[in-house]
Visitor: 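I am attaching a structure below and will ask some questions about it afterwards.
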Protein chains: 2
Amino acid sequence: MALEHAILVALLEQPASGYELARRFDRSIGRFWTATHQQIYRVLRRMETDGWVTAEQVDQEGRPDKRRWSAAPAGRAALTEWLHAPVQPEAVRHELAVKIRGAAFADPAGRAALVVEVERYRADHEALLARYLAGERRDFPDVAAPDARAALQHVVLRGGIAYERMVLAWLDDVLVTLRALDH
Amino acid sequence: MALEHAILVALLEQPASGYELARRFDRSIGRFWTATHQQIYRVLRRMETDGWVTAEQVDQEGRPDKRRWSAAPAGRAALTEWLHAPVQPEAVRHELAVKIRGAAFADPAGRAALVVEVERYRADHEALLARYLAGERRDFPDVAAPDARAALQHVVLRGGIAYERMVLAWLDDVLVTLRALDH
DNA sequence: CTTGCCTATGCAACTTGTTGCATAGCAGGA
DNA sequence: TCCTGCTATGCAACAAGTTGCATAGGCAAG
């Protein structure tokens, strides 16, 4: 039940419509929390009835009108309470690891297919790392005295960068291991 | 829909009852896929009607009888087909990252609480890393010429170890960053 | 001898997340 | 002109995962 809280953080950083939130969940926020627009709209309505967020109608020219959402005091209070609660142990779902262990029960052709798949997966993560590094250069160019918000956003981004580097190194290890099985 | 496939891999590695599977999902398999016993029992029954697994009744003395499940040929075929399919992009849900960005909107007391929470989280991951390393020493003591199954299990375990090391380094970074906000 | 824990399986209700589809106006290119 | 794509919001059906509870015998500690 943390999508509510991820939305609260996003709205505190910058009020937005459901559509804009969805796009941010596809980009920067999507690094650590994913959600579809359908889910976001549904949760926003629930949060509205709970008094966590308020909407402001924005009429637009040349494009559809929208509702700009902001975090309400009750939402801020809910966020504070949540920050004090213990972090829930994460539910790990790492499909690739299952496939790698499953490769022990595949024939050489099946393992060859997995090698191709791992290479594609590796390329995706290499591209992701490049995007993170470009974002870091763009958004955090100087090291000196950032405000709290920027410092915290930066440390989360550094986590994403460290994760991608670790994944790339591990995937190289996986590829060496897979290729060694059939020479 | 990969729980089915994780169960197939687990049963190919070693046939087991639902209860034993659940315990393995709490330990070794739980590194990359989590599931409760309720979910495992439910999915096993669906897999049975699909002909993916077969059960064998095992009468026991001094403890309840059990059903030992094995992967059937149709299950093996389904696994092979799945190995050829592209890896689905993972749905990221990293609660701690949300909390860290949320800390920008908390007062110093709230941030102090988060520091305590991150320290606890760090201790958990340090213990996890120790368990992985102990498991590695126990299960993969020699480097020379392992069979395919051991080699693949080992490379997945190395992934877990690399992940935990990365997490610990990042959490140190997080703690430094959080503490610097309020001196 | 009672309390709690382990083995072993399962039901039912609920929450969360996914997928497919719908609407509707505007902009830009072939 | 038609087709595609973007902004903007939403419904409905479904799949997946969680939580609470139930049963039932045995075993060990206090």
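All chains are named by letter (A, B, ...) in the order of the sequence lines, taking the proteins before the strands, and each is independently numbered beginning at 1. Nothing here was measured: the structure is a model prediction, and the numbers come from that model. The figures that follow rest on heavy atoms only: side chains count, while hydrogens, waters and symmetry mates do not.
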Visitor: Between A/Phe105 and B/Trp69, is there shared hydrophobic-cluster membership here, with clusters defined by ILVMFWY side-chain heavy atoms closer than 4.5 Å?
Guide: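 Yes, one cluster joins them.
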
Visitor: Answer whether the closest heavy-atom distance between the side chains of A/Glu90 and B/Arg93 falls below 4.5 Å.
Guide: no

Visitor: Could you check how far CD of A/Gln39 sits from P of D/dA12, rounded to whole Å?
Guide: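 Going from CD in A/Gln39 over to P in D/dA12 covers 18 Å.
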
Visitor: Does B/Ser17 put a side-chain nitrogen or oxygen below 4.0 Å from OP1 or OP2 of C/dT9?
Guide: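 Yes, because at least one side-chain N or O of B/Ser17 sits under 4.0 Å from OP1 or OP2 of C/dT9.
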
Visitor: Given side chains that start at C-beta, do those of B/Leu96 and B/Val174 come closer than 4.5 Å, heavy atoms only?
Guide: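 A side-chain contact under 4.5 Å is absent here.
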
Visitor: Are the side chains of B/Lys66 and B/Glu20 in contact, using a 4.5 Å heavy-atom criterion?
Guide: yes

Visitor: A/Gln38 has an atom CD; how far is it from atom P of D/dC11, in whole Å?
Guide: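 Whole-Å distance recorded here is 11 Å.
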
Visitor: Going by heavy atoms in the side chains, are B/Leu133 and B/Arg165 under 4.5 Å from each other?
Guide: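 Yes, their side chains come closer than 4.5 Å.
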
Visitor: CG of B/Asp59 versus P of C/dA8: gap in Å, rounded?
Guide: 12 Å

Visitor: Just compare D/dG17, D/dA8, D/dG10 and give me whichever is closest to any side-chain atom of A/Arg67.
Guide: D/dG10

Visitor: Under a single-linkage definition using a 4.5 Å side-chain heavy-atom cutoff for Ile, Leu, Val, Met, Phe, Trp and Tyr, are B/Leu114 and B/Leu181 assigned to the same hydrophobic cluster?
Guide: yes

Visitor: Would B/Glu136 and B/Arg31 count as a salt bridge (charged side-chain N to carboxylate O under 4.0 Å, His left out) here? Give the steps.
Guide: CA-CA 13 Å; B/Glu136 189 182 34; B/Arg31 267 203 299 281; over 6 Å; no

Visitor: Taking the side chain as every heavy atom from C-beta outward, state whether A/Lys99 and B/Trp82 have any pair of such atoms under 4.5 Å apart.
Guide: yes

Visitor: Give the rounded distance in Å between these two atoms: NE2 of A/His37 and P of D/dC11.
Guide: 12 Å

Visitor: Return the value, rounded to whole Å, for the distance between atom CG of A/Asp65 and atom P of C/dG25.
Guide: 12 Å

Visitor: Do any of residues 41-53 of chain B sit with a heavy atom less than 4.0 Å from DNA chain C, and if so which?
Guide: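 Listed by number, they are B/Tyr41, B/Arg42, B/Arg45.
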
Visitor: Hey, could you give me the NE2/OG1 distance between B/His5 and B/Thr80, rounded to the nearest 0.5 Å?
Guide: 10.0 Å

Visitor: Closer than 4.0 Å, any side-chain N/O of B/Thr36 to the OP1 or OP2 of D/dT19?
Guide: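 Negative; the distance criterion is not met.
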
Visitor: Could you give the CD-to-P distance, from A/Gln57 to D/dA8, as a whole number of Å?
Guide: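 Atom-to-atom, A/Gln57 to D/dA8, this comes out as 12 Å.
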
Visitor: Return the value, rounded to whole Å, for the distance between atom CG of A/Asp26 and atom P of D/dT7.
Guide: 12 Å

Visitor: Where each residue is assigned the nucleotide of DNA chain C containing its nearest heavy atom, which of A/Glu4 and B/Gly18 is assigned the position nearer the 5′ end?
Guide: B/Gly18

Visitor: Heavy-atom contacts under 4.0 Å between residues 77-99 of chain B and DNA chain C, which residues?
Guide: B/Arg93

Visitor: Starting at NE2 of B/His5 and ending at P of D/dA15, how long is that distance when rounded to a whole Å?
Guide: 16 Å

Visitor: Go nucleotide by nucleotide along DNA chain C from the 5' end; which of B/Arg63 and A/Arg63 gets its closest nucleotide reached first?
Guide: B/Arg63

Visitor: For D/dT7 and A/Gln60 - does any side-chain N or O of the residue sit under 4.0 Å from the phosphate oxygens OP1/OP2?
Guide: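 Answer is no, no contact under 4.0 Å.
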
Visitor: Measuring to OP1 and OP2 of D/dT9, would you say a side-chain N or O of A/Tyr19 lies under 4.0 angstrom away?
Guide: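 Result: no.
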
Visitor: Remember a base hit wins even if backbone is also touched, and classify A/Arg68 as base, sugar-phosphate or nothing at under 4.0 Å, heavy atoms.
Guide: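 No contact.
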
Visitor: For A/Arg120, does the CZ atom have more than 12 heavy-atom neighbours from other residues, nucleotides or ligands under 6.0 Å away?
Guide: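 Result for CZ/A/Arg120: enclosed.
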
